[in-house]
2 protein chains.
Amino acid sequence: MNLHPKNTSARTVRPVRRQQLHENVARQLRALILEGVLSDGDRIIETALCAQLNVSRTPLREAIKTLIHEGLIEHRPNRGARVTKTTAKEMRQLFEVISGLEMLAAETVATSIKPTEFKRLQSLHDKMAMHHAAGERDEYFVLNHQIHLKIVELSGNPILVETHASLMTRARHLRYQALAGQDRWMEAMEEHNGIMKAFEAGDAALAGRLMKQHVRRTGEVVEATFPGP
Amino acid sequence: MNLHPKNTSARTVRPVRRQQLHENVARQLRALILEGVLSDGDRIIETALCAQLNVSRTPLREAIKTLIHEGLIEHRPNRGARVTKTTAKEMRQLFEVISGLEMLAAETVATSIKPTEFKRLQSLHDKMAMHHAAGERDEYFVLNHQIHLKIVELSGNPILVETHASLMTRARHLRYQALAGQDRWMEAMEEHNGIMKAFEAGDAALAGRLMKQHVRRTGEVVEATFPGP
DNA sequence: TATGCCCAAATTGTATACAATATACAATGT
DNA sequence: ACATTGTATATTGTATACAATTTGGGCATA
């Protein structure tokens, strides 16, 4: 038998996901922050968390480092780590950068999307529209998020996907989605309609412009409704 | 006496830069990769590097983690770390993303740059033009890099600066600058002239478009002249 | 010769021990 | 009482020890 699975013809078998402890810890810690169990500015005491998670300090520290790079945690030498305090302004700046990335993605997608891909995207869009019409807020937001991710994915640029994902994690720090009111919800749905039409027409410039405006607007609304400084 | 130096009038005393070991190690390791001492695909054996750098494995592993997040190193569980092998295609994709970010920066700068800032930028530009005219390649490229960084900085968006910086590190993986020929050099200088004019005119759309094209073109040239796959 | 198995060496992953640093609080002097 | 200094404690940073995993080679077997 071949020791190197990659060289076999088997497409169906994929290497088992070899989890490292620190990855698990990072995921859990991330969840704790996103779910608000740990809130902004909270000090993270290594030994205390170690006891709770039942791991030693080494993997925890590695996980902390991961979240630092994701921007969820801040760290001062010899003074430990804290959950990043995000201000309204930073939130807008975050969306500003995301708007640049998604604009790029939208332009690429409008130029190069294949019929089957477009159909799949359209079906997501339709599903979202349904939830919107039905007033099902949570389901709407899940679909909305998926669509944005999908568009970035369709750009076919892994570096774009990765960069975008990292920033999105920070943006989801607060459940900002819940903050937007009815008006913005309507508006956003319209913007999505426009973007889909631009895709269909293959109008890259338009798709890019609309996407950028859409995300930027979202950021402005988030900034305006953001609690704290 | 006040325990908090920030509140004193003393502007002259600033807190000492408290270096952590792993930061030093990360810097050195980064340099080793960028300078080509460690080349693409090279395995990184922790104990061996530890001996060379005279540190224990813990800070080295932390430094490795940092470079992983920067994209300079890849890592497979239980199989150690390797210097990332960058393909020509990935290089173009990298510049693609950078073009999106710099476009955003250029648009913002064109809208909001202050006269004094513009003057400073213009002086950098002029200096670069001089080196260009004099055929001083290395000096030209240093200035060129500084100008791009400056424009991103002038956007006033720290998240943009940070994201951009991280991607630029990866882009500098190879001294791609040296690869571009005389033709591209001429062309790039012209593009920079156009961008500066757009800034002066306050034409955000134009500045953004020109910047995007400029960076994208750079990426294409890099892709074309890139060694390896 | 080729294949599969098993073991040993090398290497990475995790836990723990020790050192350096920061923080809180009591002691001291003014 | 107030500010300053000294000391104990808590916490982080680094080194080392131990466990788990991978890798490569020898050897038996067909």
Side-chain angles (χ1 to χ4, degrees), chain A residues 1-10 13-29 38 41-69 72-84, chain B residues 1-10 13-29 38 41-69 72-84:
Chain A
M1 192 198 177
N2 194 328
L3 285 175
H4 305 282
K6 275 200 172 172
N7 294 338
T8 68
S9 62
V13 293
R14 51 178 186 181
V16 290
R17 176 90 184 96
R18 203 164 285 286
Q19 285 267 53
Q20 300 219 148
L21 201 44
H22 70 85
E23 288 181 34
N24 264 305
V25 174
R27 193 177 3 268
Q28 294 206 48
L29 192 49
L38 294 172
D42 275 6
R43 173 88 181 273
I44 292 172
I45 309 237
E46 297 179 1
T47 49
L49 249 181
C50 284
Q52 292 208 16
L53 297 172
N54 196 37
V55 295
S56 78
R57 281 177 61 212
T58 309
L60 173 62
R61 282 172 65 85
E62 294 189 359
I64 288 176
K65 213 155 218 319
T66 301
L67 297 212
I68 289 172
H69 281 105
L72 291 178
I73 288 181
E74 283 172 336
H75 180 90
R76 293 171 62 194
N78 295 313
R79 274 173 222 199
R82 289 177 179 281
V83 179
T84 303
Chain B
M1 197 210 181
N2 195 327
L3 284 176
H4 306 282
K6 275 195 175 176
N7 294 336
T8 69
S9 61
V13 291
R14 54 177 184 184
V16 290
R17 174 92 182 96
R18 203 165 287 285
Q19 284 270 51
Q20 300 219 151
L21 201 44
H22 70 86
E23 288 181 33
N24 265 304
V25 173
R27 192 176 7 266
Q28 294 206 47
L29 192 48
L38 294 171
D42 275 6
R43 174 89 180 274
I44 292 173
I45 310 244
E46 297 179 0
T47 49
L49 247 181
C50 283
Q52 291 208 14
L53 297 172
N54 195 38
V55 296
S56 78
R57 281 177 59 211
T58 310
L60 174 62
R61 283 173 63 86
E62 293 188 0
I64 287 176
K65 213 156 219 323
T66 301
L67 297 212
I68 288 172
H69 281 102
L72 291 178
I73 287 181
E74 282 172 336
H75 179 89
R76 294 171 63 193
N78 295 314
R79 276 174 220 200
R82 291 178 178 282
V83 179
T84 303

Name all pairs fulfilling the salt bridge (Lys or Arg N to Asp or Glu O under 4.0 Å) condition that reach into residues 47-56 of chain A, sequence neighbours left out, sorted by first residue then second. none

For B:Glu74, run the side-chain contact (heavy atoms from CB on, under 4.5 Å) check against B:Thr84, B:Ile68, B:Val83, B:Ile44 and tell me which one passes.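 So the option named by the test is B:Thr84.
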
Could I get the full list of ring-ring contact (aromatic ring centres under 6.0 Å, His included) partners for A:His75, not counting sequence neighbours? none

Taking only residues two or more places apart in sequence, or in another chain, which ones meet B:Arg57 in a salt bridge (charged side-chain N to carboxylate O under 4.0 Å, His left out)?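 Scan of B:Arg57 (salt bridge (charged side-chain N to carboxylate O under 4.0 Å, His left out), adjacent residues dropped) gives B:Glu46.
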
Quickly work out the A:Glu46 CD to D:dT11 C1' distance and round it to whole Å.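 Result: 8 Å.
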
Between C1' on C:dT12 and CD1 on B:Ile73, what's the gap in Å once rounded to a whole number?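 That distance rounds to 15 Å.
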
Would you kindly give the CG-to-P distance between B:Leu60 and C:dT11, to the nearest whole Å? 14 Å

Residues in side-chain contact (heavy atoms from CB on, under 4.5 Å) contact with A:Leu21, at least two apart in sequence or another chain: A:Val55, A:Pro59

Atom-to-atom span, CZ of A:Arg76 to C1' of D:dT11 - whole angstrom: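 From A:Arg76 CZ to D:dT11 C1': 14 Å.
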
So, B:Arg82 side chain and B:Asp42 main chain: donor-acceptor pair closer than 3.5 Å or not? no

Atom pairs, N/O to N/O, protein against nucleotides 14-18 of chain C, distance under 3.5 Å?
unit_1	atom_1	unit_2	atom_2	d
C:dT14	OP1	A:Leu21	N	3.0
C:dA15	OP2	A:Ser56	N	3.0
C:dA15	OP2	A:Ser56	OG	2.7
C:dA15	O5'	A:Ser56	OG	3.3
C:dA15	N7	A:Thr58	OG1	2.7

Rounded to whole Å, how long is the line connecting atom CG of A:Asn78 with atom P of D:dT12?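 That distance rounds to 10 Å.
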
Taking CZ from A:Arg79 and P from C:dT21, how many angstroms apart are they, rounded to a whole number? 12 Å

OP1 or OP2 of C:dG13 versus the side-chain N and O atoms of B:His75: is any pair under 4.0 Å? yes

Between A:Ile45 (CD1) and D:dG13 (P), how many Å, whole number?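 After rounding, the reported distance stands at 12 Å.
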
When all nucleic acid strands are considered with a 4.0 Å heavy-atom cut-off, which category describes A:Ile44: base, sugar-phosphate, or nothing? sugar-phosphate

